[in-house]
J.: 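Just dropping this structure here.
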Number of protein chains: 2
Amino acid sequence: MVSDEALRGAGLRVTQPRVAVLDAVAAHPHADTDSIIVAAREHLPALSHQAVYDSLRTLTKSGLIRRIKPSGSVARYETRIGDNHHHVVCRSCGAIADVDCAHGAAPCLTPSNHHGFVVDEAEVIYWGTCPACTSTHPQPERNGHV
Amino acid sequence: MVSDEALRGAGLRVTQPRVAVLDAVAAHPHADTDSIIVAAREHLPALSHQAVYDSLRTLTKSGLIRRIKPSGSVARYETRIGDNHHHVVCRSCGAIADVDCAHGAAPCLTPSNHHGFVVDEAEVIYWGTCPACTSTHPQPERNGHV
DNA sequence: ACCCGTTCTTGAATGATTCAAGAAAAGAAC
DNA sequence: GTTCTTTTCTTGAATCATTCAAGAACGGGT
């Protein structure tokens, strides 16, 4: 029901697929599309994957959910929006955790030289190894970043 | 020739494909794989795409080049490494420009709450609109980020 | 010059995401 | 409540960057 209002508030039609997808994303933070499809089908078995892709895009464009897509990972989604938090991603298992913005307010970063670009967002991804993978220490593959 | 030494210095075998790829990346900063294939084939017409993929991965893992992969874009590469700079990406045309790190030293950011992750890198991507697209102002598609 | 292990070529496979066309449903009007 | 119009969903196929696999070719140390 809270999803209904969120959709209506964003000026979107309240359809069963959208409600199911929004609920699924809220229940599974950082879930990938496939997990969302599975989760949403628990409430709506006949849901097509295309409807999920469409819904995710629409919800993202409306700002109800946020898309995260670290290199080497498929798209992931979350409902925690508007607080400009960032993410830590594990290089070996792909686990994602939220990290509060070190500076508090959005945008938390301002490029020193923006080459004439109009910047509206600073996306930060911290790369490392999660606690579980640190203990079993498999060799992670780097991106070449510093 | 400088590529030969770079490869040797990284403990890699100096093969024609690797030299051609490294030169191509150096000559075309932020180029995608396909552009690199085309550029490398100017010096080595028989080069296979697989060799380019292999070379790019090896070079990246050895730290000779850096892989960038903004959401919605294919992988891109650059030879400017070790200075921890970041990137501005245009939402409408995908153009990429370098941005010096606002804080100077690497890692330039430290997450306030790292959830037990061992963080070795902070990757920053600024999203916005490039000068060319700003003047023709097509409507860019946001990611839902702040 | 030879040999071994790495790397390259060729060609097919993978898989997340998108495209396309018609059917169904949402919301507004009657 | 019914009808209409537009949006959205279902079905099914297509795309395309990237990876996998097997055998040939090459790099570099002896």
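Numbers restart at 1 for each chain; the letters A, B, ... are given by sequence-line order, proteins then strands.
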J.: On DNA chain D, check which nucleotide each of B:S73 and B:V14 is closest to and give me the residue with the more 5' one.
T.: B:S73
J.: To the nearest angstrom, how far is A:R67 atom CZ from C:dT17 atom C1'?
T.: 10 Å
J.: For B:R8 and B:T33, take the nucleotide of DNA chain D holding the closest heavy atom to each; which residue's nucleotide lies nearer the 5' end?
T.: B:T33
J.: What does nucleotides 8-15 of chain D look like as a protein-contact string, B for base, S for sugar-phosphate only, - for none, at under 4.0 angstrom between heavy atoms?
T.: SSBBB---
J.: Using a 4.5 Å cut-off on heavy atoms from C-beta on, say whether the side chain of A:P70 contacts that of A:I96.
T.: yes
J.: Rounded to whole angstroms, how far apart are CG on A:D34 and P on C:dG15?
T.: 11 Å
J.: CG of B:L7 versus P of D:dC26: gap in Å, rounded?
T.: 18 Å
J.: Would the distance check show the side chain of B:S73 and the main-chain N or O of B:K69 forming a donor-acceptor pair, the cut-off being under 3.5 Å?
T.: no
J.: Does the side chain of A:E78 pick up a donor-acceptor pair with the side chain of A:H87 at under 3.5 Å?
T.: yes
J.: With no hydrogens and no angle check, just 3.5 Å: does a side-chain donor-acceptor pair link A:D98 and A:H85?
T.: yes
J.: Strictly below 4.0 Å, N to O, side chains only: are A:D54 and A:R18 in salt-bridge contact?
T.: no
J.: Measure NZ/A:K69 against C1'/C:dA16 and give the value in whole Å, please.
T.: 8 Å
J.: Take atom CZ of A:R57 and atom P of C:dT17, then tell me their distance rounded to the nearest Å.
T.: 11 Å
J.: Using whole Å, report how far CD1 of B:I37 lies from P of D:dT19.
T.: 12 Å
J.: I want to check something: taking the side chain as every heavy atom from C-beta on, are B:I36 and B:Y77 in contact at a cut-off of under 4.5 Å?
T.: yes
J.: When you check the phosphate oxygens OP1 and OP2 of C:dT17, does a side-chain N or O of A:Y53 lie under 4.0 Å from one of them?
T.: yes
